[in-house]
Amino acid sequence: MHKIVRRIINHKYTSIDPHMIVEGSILTFDCYIKRFDDFVIIIESGTLITSDLAHKVRQNDKLYITLDDKEAFHSYQKIHGLQEEKIIAIEEITLQSVLPQVMKLPEKFDAAPNAFKKIELVYHMSALLMEAIFNEENEHLPLSAVEKCIHFMVEAIEWSELAIMPNLLQLMPDEYTTHHHSTNVAFFSVVLGKSIGLPKVELNQLAYAALLHDIGKIRIDQALLLKPSSLDEEEFNLIQTHSEVGVEILQKNGVTTPKILDAVLYHHEKLDGQGYPKGLRGKQIPKFARIIGICDVFDALTARRTYRVNYSSYEALLLMKQQMAHQFDEHYSDTFIRLLASKEF
Ligand SMILES: [Fe+2]
Ligand SMILES: [Fe+2]
């Protein structure tokens, strides 16, 4: 139990209920817990589950197994007499499983009883779609599903009378994943875009670009993206390619709108010229990229990462205002701060 083996593996994981681990059984799969972005093995396959071990395991809210061990886990559940209805079917999140759900979004959106429920629905659906996209090996993007999500994202935010930012923050998990980060940046960008008066057609383009701003990371190894130690120069350069790779992937999928492509390409540019890939300055950086850039940094700072704990919203804004002020468009960042502080939107 206490033998903690750190591994960075390019596995996909799924959570299981710790009560599924049966006292007196011999485990037929490895069990992990999550520490920040890292999965840490806590019981190896072949271990006898003593009562002491079963007790300790159940002190965790969640355990994780790799999807490669899905079959072994199902057999284990059956062998150990867990009731059939309690046996969890583990489904990998793929486009095949997610797309039919996205297609039902219009009816579900209409049926949601209030603005917050609509936002919640679109948030979870967008995150699920992005998770499936990042899980898929190929770069063929389901753009009609993306368009459906962003259409309802803009609708939900357009008509919201809520103090939307605090509600949005409540929906967002602490832990960093690329699919939640993409979704968060899209929601923040649309709220900010609305508040600076962008017309609906631009809000849709902005949402599109923001949801897919890090799509280039699909080509970068997860192990590098989630690397707990700091990056060397070569690794940093490789990660920086994601802006240009993102544009390449979008173009390959038939996206031609210059505002969307430019927003993806320039979302890491900084007003002081210290960004990448071109080192653009000030107003040379397109409007959408300046909006997404603020939301991107705020989300990255407030999410829990492998290499550090997260900042609170207040700490992140303070850091952005005091130490990074030269990087951001002042009007947009002040508006963003007001939105996060406001009770009314
Ligand atoms: Fe990025
Ligand atoms: Fe990002």
Side-chain angles (χ1 to χ4, degrees), residues 36-37 123 126-127 129-131 133-134 139 141 146 149-150 153 168-169 172-193 205-222 224-227 230-231 235-251 255 259-271 274-280 285-308 310-311 313 316-317 319-320 324 327-329 332-333 336:
F36 302 114
D37 293 325
Y123 181 83
S126 306
L129 176 63
M130 291 312 296
E131 183 169 6
I133 288 174
F134 280 109
E139 294 170 8
L141 302 177
V146 169
C149 282
I150 60 133
M153 185 187 296
L168 267 180
L169 292 173
M172 296 172 176
D174 277 354
E175 288 153 314
Y176 181 92
T177 60
T178 312
H179 58 274
H180 277 118
H181 168 69
S182 304
T183 311
N184 298 352
V185 172
F187 272 83
F188 286 146
S189 297
V190 177
V191 174
L192 179 52
Q205 293 169 335
L206 176 63
Y208 202 115
L211 193 60
L212 296 170
H213 78 281
D214 276 339
I215 194 64
K217 289 186 177 171
I218 212 168
R219 271 196 214 159
I220 298 173
D221 196 324
Q222 278 286 94
L224 177 58
L225 290 176
L226 301 178
K227 192 177 170 188
S230 57
L231 304 171
E235 290 168 331
F236 193 57
N237 289 341
L238 184 64
I239 286 190
Q240 287 193 346
T241 61
H242 79 275
S243 317
E244 284 155 308
V245 170
V247 171
E248 192 190 314
I249 292 172
L250 290 178
Q251 284 177 324
V255 177
K259 279 185 178 172
I260 294 176
L261 297 173
D262 283 353
V264 172
L265 183 61
Y266 298 125
H267 74 271
H268 283 288
E269 297 288 358
K270 307 288 180 211
L271 253 68
Q274 298 301 306
Y276 65 85
K278 295 268 162 59
L280 300 184
I285 306 168
K287 180 170 67 182
F288 286 1
R290 279 182 276 142
I291 293 173
I292 293 171
I294 290 169
C295 303
D296 185 42
V297 170
F298 176 77
D299 190 64
L301 288 173
T302 51
R304 266 203 274 149
R305 298 301 298 258
T306 317
Y307 42 85
R308 60 155 177 73
N310 55 336
Y311 292 93
S313 298
L317 291 176
L319 192 69
M320 289 169 73
M324 302 176 173
Q327 300 183 6
F328 304 117
D329 183 299
Y332 295 168
S333 65
F336 191 65

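Since the structure is predicted, the reported quantities are computational estimates derived from the model, not experimental observations. Residue numbers count from 1 along this sequence. We count ligands from 1, going down the list as the structure has it; atoms in each ligand are counted the same way.
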Sphere of radius 2.8 Å around the Fe ion (ligand 2) - protein N, O or S atoms inside: H181 NE2, H213 NE2, D214 OD2, D296 OD1
Would you please test V146 and L141 for side-chain contact (heavy atoms from CB on, under 4.5 Å) and show each step? CA-CA 8 Å; V146 169; L141 302 177; 5.6 Å; no
For the residue pair H180 and Y123, does the interplanar ring angle fall in the parallel (under 30°), tilted (30 to 60°) or perpendicular (over 60°) class? parallel
Before giving the answer on side-chain contact (heavy atoms from CB on, under 4.5 Å), spell out for I294 and R290 the whole-Å C-alpha distance, their side-chain angles and the decisive distance to 0.1 Å. CA-CA 7 Å; I294 290 169; R290 279 182 276 142; 5.8 Å; no
Can you tell me how far the CG atom of L192 sits from the CZ atom of F298, to the nearest 0.5 Å? 11.5 Å
Show the atom names and distances, to 0.1 Å, of all donor-acceptor pairs under 3.5 Å that link a side chain in residues 260-267 to residues at least two apart or in another chain.
{"unit_1": "H267", "atom_1": "ND1", "unit_2": "V264", "atom_2": "O", "d": "2.7"}
{"unit_1": "H267", "atom_1": "NE2", "unit_2": "D214", "atom_2": "OD1", "d": "3.1"}
{"unit_1": "H267", "atom_1": "NE2", "unit_2": "H242", "atom_2": "NE2", "d": "3.3"}

is_close_aromatic(H213, H181), centroid dist under 6.0 Å: yes
